[in-house]
Amino acid sequence: MGRLFTIGLITAWYSSNIGVLLLNKFLLSNYGFRYPIFLTLCHMLACSVFSYVAVSWLKIAPLQGIRSRLQLVKISALGLIFCLSVVGGNISLRYLPVSFNQAVGATTPFFTAVFAYLMTRKREGWITYLTLVPVVTGVIIASGGEPLFHLLGFVMCISATAARALKSVLQGILLYSEGEKLHSMNLLMYMAPVAVLFLLPAALIMEEGVIGITIALARDDQKFFFYLLFNSALAYFVNLTNFLVTKHTSPLTLQVLGNAKGAVAVVISILIFRNPVSLTGMLGYTVTVFGVIFYNEAKKRSM
């Protein structure tokens, strides 16, 4: 029974992660809903509501309150970076195929190592830094061989990846004390509303008329409303299943599954969207994935 439960959790984790990625791409690119900021706003609204229900009512994690104004400022800073990373990723999906998006996203360890050194002066072993060479080299190769390369999409994808790494490093710096550390589900519950406060005016100003357009689309095509609702719910379940898989599996299992998840997303996206791929692009992505695997192994041995 325990094994079946774990397999079910992993399946749900994969399904929600890959599902939200593919549905984002479908809405922003194939369907023609070209409003990534508003789409991210819907995601954050869903995360705000669902995380409150999960923590306050369902008690999936102990409720932690905000203890000081300073802690609130720190959480707000993390919330801003969090929403910037999601917006950047969604904008990139308007212009880039999922396969290339995942290849660039795999460079997160490189940016994490850079920010950790710049902000905390934390040094890794030389072998760990050496493993980052194929991580970056692979993306350079993949960029040169990507048939649908788009400069703005690439810049936004790199920015989103860097923001994701920055949030990870900043979280360790800002919420380092025992009194300020927050459970991941509590942190999401507080960050998501902050992201909504940033995203709402941004969507109204930068994507003028988006609410009226969304309502009109929902009236004309009822499936659109379902897509948007389901996509927003999936955005929350990505975080929930990530927490549950982390809780019920070992770090090694999570590491292996995480490495494989990107490759699975690439294969499924190519099968669904039929985007052209080149041998050079796939070679670059493979080099990056192996670089990430070597990096994780080097980090594990250095602990």
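Every heavy atom of this structure was used, including side-chain atoms; hydrogens, water molecules and symmetry mates were not.
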With a 3.5 Å distance limit and no angle check, can you tell me whether Asn101 reaches the backbone of Leu96 through a side-chain donor-acceptor pair? no

Sequence neighbours left out, what passes side-chain hydrogen bond (donor to acceptor under 3.5 Å, both in side chains) with Ser99? Give chain and number order. Asn275

Could you check Met156 against Leu152 for side-chain contact (heavy atoms from CB on, under 4.5 Å), going step by step and ending with a plain yes or no? CA-CA 6 Å; Met156 295 309 300; Leu152 175 60; 4.0 Å; yes

Are Leu84 and Leu39 grouped together when hydrophobic residues (ILVMFWY) are joined by side-chain heavy atoms under 4.5 angstrom apart? no

Residues in side-chain hydrogen bond (donor to acceptor under 3.5 Å, both in side chains) with Thr161, at least two apart? none

Stepwise side-chain contact (heavy atoms from CB on, under 4.5 Å) check, Lys247 with Phe243: CA-CA 6 Å; Lys247 182 179 178 182; Phe243 157 65; 4.1 Å; yes

What do you reckon, are the aromatic ring centroids of Phe224 and Phe33 less than 6.0 Å apart? yes

With distance as the sole test, does Gln64 use its side chain to make a donor-acceptor pair with the main-chain N or O of His183 at under 3.5 Å? yes

Leu166 vs Met119, side-chain contact (heavy atoms from CB on, under 4.5 Å): CA-CA, chis, key distance, verdict: CA-CA 10 Å; Leu166 178 61; Met119 300 174 75; 3.6 Å; yes

Main-chain N/O of Gly284 paired with Thr288 side-chain donor or acceptor, under 3.5 Å: yes

For Thr241, what residues pass the side-chain hydrogen bond (donor to acceptor under 3.5 Å, both in side chains) criterion, not counting sequence neighbours? Ser16

Taking all atoms of both residues into account, what is the closest heavy-atom pair of Leu148 and Pro97, and its distance? CB-CD, 4.0 Å

Sort and list the pairs that fulfil salt bridge (Lys or Arg N to Asp or Glu O under 4.0 Å) and have at least one residue in residues 213-238, not counting sequence neighbours. none

Scan the side chains in residues 72-81 for donor-acceptor partners under 3.5 Å anywhere in the protein, sequence neighbours excluded, and list what turns up.
residue : atom : partner : partner atom : Å
Lys74   : NZ   : Leu174  : O            : 3.0
Lys74   : NZ   : Glu180  : OE1          : 2.9
Lys74   : NZ   : Glu180  : OE2          : 3.3
Ser76   : OG   : Leu72   : O            : 2.8

Spacing of Leu28 atom CG and Tyr95 atom OH [to the nearest 0.5 Å]: 10.0 Å

For residues 127-134, dump all side-chain donor-acceptor pairs below 3.5 Å to protein atoms at least two apart in sequence or in another chain.
residue : atom : partner : partner atom : Å
Tyr129  : OH   : Glu124  : N            : 3.1
Thr131  : OG1  : Thr128  : O            : 2.5

Does the Ser269 side chain pair with the main chain of Val266, one donor and one acceptor, at a distance under 3.5 Å? yes

With sequence neighbours left out, the residues meeting side chain to side chain contact (heavy atoms under 4.5 Å, CB included) with Ala160 are none

Hydrophobic cluster membership, Ile272 vs Val267, 4.5 Å side-chain cutoff: no

Could you pull out all residues at least two apart from Val114 that satisfy side chain to side chain contact (heavy atoms under 4.5 Å, CB included)? Phe110, Leu118

Extract all donor-acceptor atom pairs below 3.5 Å that involve side chains of residues 199-211 and protein atoms in other chains or at least two apart in sequence.
residue : atom : partner : partner atom : Å
Glu207  : OE1  : Phe38   : N            : 2.9
Glu207  : OE2  : Ile37   : N            : 3.0

For Ile270 and Val277, which heavy atoms make the closest approach, and how far apart are they? CD1-CG1, 3.5 Å

Give me the atom names and distance for the closest heavy-atom approach of Gly262 to Gln102. CA-OE1, 3.6 Å

What pairs meet the ring-ring contact (aromatic ring centres under 6.0 Å, His included) rule with one or both residues in residues 279-298, with sequence neighbours excluded? none

Would you say Ile60 and Phe5 are hydrophobically clustered, going by side-chain heavy atoms of ILVMFWY under 4.5 Å? yes

For Gly105, is there any backbone N or O sitting under 3.5 Å from a side-chain donor or acceptor partner on Thr108? yes

For atom CG of Leu58, decide whether the heavy atoms of other residues, nucleotides or ligands shown that lie under 6.0 angstrom number more than 12. yes

Distance-only donor-acceptor hits, side chain of residues 227-240, under 3.5 Å, sequence neighbours excluded:
residue : atom : partner : partner atom : Å
Asn231  : OD1  : His43   : NE2          : 2.5
Asn231  : ND2  : Asn24   : OD1          : 3.0
Ser232  : OG   : Leu228  : O            : 2.8
Asn239  : ND2  : Ala235  : O            : 3.0

Check the hydrophobic clustering (I, L, V, M, F, W, Y; side-chain heavy atoms under 4.5 Å; chains of links allowed) and say if Leu41 and Leu197 are grouped together. no

Measure the spacing between CZ of Phe115 and NZ of Lys122 and express it to the nearest 0.5 Å. 15.0 Å

For Ser48 against Val196, the heavy-atom pair lying closest together: OG-CG2, 4.0 Å

Please check: side-chain N/O of Thr107 versus main-chain N/O of Val104, any donor-acceptor pairing under 3.5 Å? yes

Applying side-chain hydrogen bond (donor to acceptor under 3.5 Å, both in side chains), can you list everything that pairs with Lys167, at least two apart in sequence or on another chain? Gln171

Ser56 and Met189 have their tightest heavy-atom pair at OG-SD, 4.4 Å

Please report the interatomic distance OG1(Thr214) to CZ(Phe225), rounded to the nearest 0.5 Å. 11.0 Å

Minimum heavy-atom separation for Leu93 to Lys25, with atom names? O-NZ, 3.0 Å

So Met44 and Phe82, side-chain contact (heavy atoms from CB on, under 4.5 Å) or not? Walk me through it. CA-CA 10 Å; Met44 293 301 111; Phe82 175 54; 3.5 Å; yes

